[in-house]
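As structure tokens, the structure follows; a few thoughts come after it.
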Amino acid sequence: MCSSCWISWHEYADAKCRQILNKDGFQVETLEDGAQGLEAVARLKPDLVVVDLKMPGISGMEVISRLRELDSQVVIAVITGYASVASAVDAIKAGAYDFLPKPFTPDELRLVVARGLEHRRLMKASQQREIEREMMKRRFVTFVSHQLKTPLVAIHQYLNVLNHLDGTDGGRDKRKAWSDRCLKRADEMLQLIDDWLTLSQVEGGRFLKQREKLDLKGIVTGILDSYAGSAQTNDVSLCGDLPLAEYPVSGDRNCATVLFDNLIDNAIKYNRPGGAVRVVAEVSRGEIVIAVVDTGVGISPRHQGSLFDDFFRVKGDATKDIPGSGLGLTICQRIVAEMGGRIEVESESGVGSTFRVRLPMWHDQDQDNSPRSDA
Ligand code: ADP
């Protein structure tokens with residue numbers, strides 16, 4: 001709903017039009033001529049201006065071009081008289097969005113106002129998306145260059161140390177230790193770059209390439225198998241509880257794999273020796289619900305609201321030495337949204353966490369949805 005709708009025209013700007021629009025919930029002002037209208041538009045920044053082309057003083061066409069200079073975003077509709085198509089065309093060329101020929105009915109007035117305000121809403125939304133994209137790009141560049149620089153500086157220093165180790169006592173062991181450090185930092189950089197690229201693909205809509213029938217049971221079971229070694233190294237038990245034959249959803253195999261891979265990886269790495277990770281699946285109210293439950297370090301309530309923000313990481317004693325980019329959950333949330341579902345978290349510090357993914361269950365009519373192109 002628009003916050004304000006501005007109407008400015010001579011004669012027709014009478015109580016009746018105002019009354020019609022007020023009744024529909026719009027805030028309306030009427031002005032008697034172009035000069036007053038322009039002054040009021042500058043002051044009140046309305047969403048929509050209706051201009052009568054035939055006005056005393058400054059002409060309607062002049063008002064349109066001055067309005068455009070004043071506010072490039074305001075939507076302008078013109079009232080044209082005497083079935084003048086030519087003047088309507090001129091007005092549109094000068095920057096008006098729509099026109100309303102005299103005489104008009106209340107419904108015609110409503111239609112033009114509704115169309116104009118819808119256009120304004122879409123413009124604002126796309127402008128907002130553009131601003132957000134731009135801000136995100138800037139944030140990313142600053143943050144990622146910082147994140148990449150930190151391990152790179154460390155690698156540079158370690159390599160310098162390595163260069164000076166020749167001929168020293170125990171050189172071979174020391175070299176191994178320093179090159180291991182280099183490798184660890186290089187792995188962190190690679191992980192960050194991988195996550196960053198995945199996120200930019202998800203955001204660009206290029207990741208979810210096609211919608212096909214996926215069996216989450218097969219995907220989750222495969223991931224659990226692939227994490228057996230890592231779970232053992234971390235002394236964490238890992239099991240799946242997926243009793244049905246299959247858990248069908250509509251989506252892209254690669255996306256679903258990245259999603260559950262991230263959640264299971266987190267459940268293992270933010271766990272404790274002797275802890276457990278369990279993946280439980282069920283069907284509830286037409287949704288496939290997959291919960292990744294761990295008995296790990298948990299997340300305090302004050303951090304839970306930021307978990308899905310890009311680059312967010314909890315900086316506590318229990319997690320400060322665990323490597324990560326802070327992008328995994330952001331990627332998960334975007335993928336789940338693309339698949340038409342949602343992700344929820346329940347967690348208690350020191351007790352453990354449950355990340356629950358709810359996805360719409362596959363229906364045979366989903367088959368008709370044409371696959372997305374490999375853009
Ligand atoms: P990363 O693991 O790369 O840091 P994520 O976006 O996957 O990034 O997670 C963000 C943060 O949320 C992590 O740094 C961690 O502090 C917290 N977190 C995620 N999953 C869990 C979990 N299962 N248990 C405890 N903390 C978690």
Side-chain angles (χ1 to χ4, degrees), residues 136 139-140 143-144 146-148 150-151 184-203 207 220 223-224 226-227 230-231 233-241 255-280 289-338 342-358:
M136 205 176 73
R139 248 192 0 243
F140 254 64
F143 199 88
V144 171
H146 173 259
Q147 292 291 90
L148 289 179
T150 312
K184 187 165 175 273
R185 303 310 298 254
D187 282 347
E188 283 170 30
M189 285 175 71
L190 287 174
Q191 183 61 55
L192 175 66
I193 291 169
D194 273 352
D195 286 351
W196 191 27
L197 288 176
T198 306
L199 184 59
S200 72
Q201 280 180 325
V202 175
E203 279 174 341
F207 201 54
V220 170
I223 298 171
L224 285 172
S226 74
Y227 273 98
S230 153
T233 311
N234 286 276
D235 189 15
V236 169
S237 73
L238 184 60
C239 70
D241 182 0
C255 279
T257 306
V258 169
L259 166 63
F260 292 106
D261 194 289
N262 264 313
L263 294 179
I264 293 171
D265 184 39
N266 279 351
I268 296 171
K269 76 180 182 182
Y270 298 111
N271 220 303
R272 287 174 300 195
V277 174
R278 206 158 58 92
V279 181
V280 187
V289 185
I290 308 263
V292 180
V293 187
D294 69 60
T295 59
V297 297
I299 304 149
S300 71
R302 77 192 164 95
H303 290 131
Q304 288 176 23
S306 313
L307 283 180
F308 298 97
D309 294 350
D310 41 9
F311 300 116
F312 178 81
R313 306 202 71 214
V314 177
K315 292 184 188 79
D317 286 345
T319 56
K320 67 179 182 337
D321 294 328
I322 301 173
S325 65
L327 289 175
L329 289 178
T330 314
I331 293 170
C332 290
Q333 194 186 45
R334 306 271 157 90
I335 289 177
V336 172
E338 284 275 329
R342 57 194 193 285
I343 182 166
E344 298 154 0
V345 59
E346 271 169 42
S347 187
E348 195 179 329
S349 242
V351 176
S353 312
T354 298
F355 284 83
R356 193 170 281 108
V357 173
R358 296 178 185 277

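Just follow the structure's listing: the first ligand is 1, and inside any ligand the first atom is 1. These values consider heavy atoms only, across backbone and side chains, with no hydrogens, waters or symmetry-generated copies.
With a 4.5 Å cut-off on side-chain heavy atoms, L329 and F312 do not count as touching. Taking 4.5 Å as the limit, some side-chain heavy atom of L192 sits within range of a side-chain heavy atom of F311.
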Side-chain atoms of residues 296-303: list all donor-acceptor pairs with protein atoms under 3.5 Å, sequence neighbours left out, distances to 0.1 Å.
from	atom 1	to	atom 2	distance (Å)
S300	OG	H303	ND1	3.2

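Under a 3.5 Å cut-off, the side chain of R272 and the backbone N or O of G350 do form a donor-acceptor pair.
Residue pairs meeting the side chain to side chain donor-acceptor pair (under 3.5 Å) criterion with at least one member in residues 257-271, sequence neighbours excluded: Y227-D261, Y270-R313. For residues 322-333, every residue pair satisfying the side chain to side chain donor-acceptor pair (under 3.5 Å) rule, not counting sequence neighbours, is listed here: D195-S325.
For ligand 1, the 4.0 Å heavy-atom shell contains residues N266, A267, K269, Y270, D294, V297, G298, I299, L307, F312, R313, V314, G324, S325, G326, L327, G328, L329, S353, F355.
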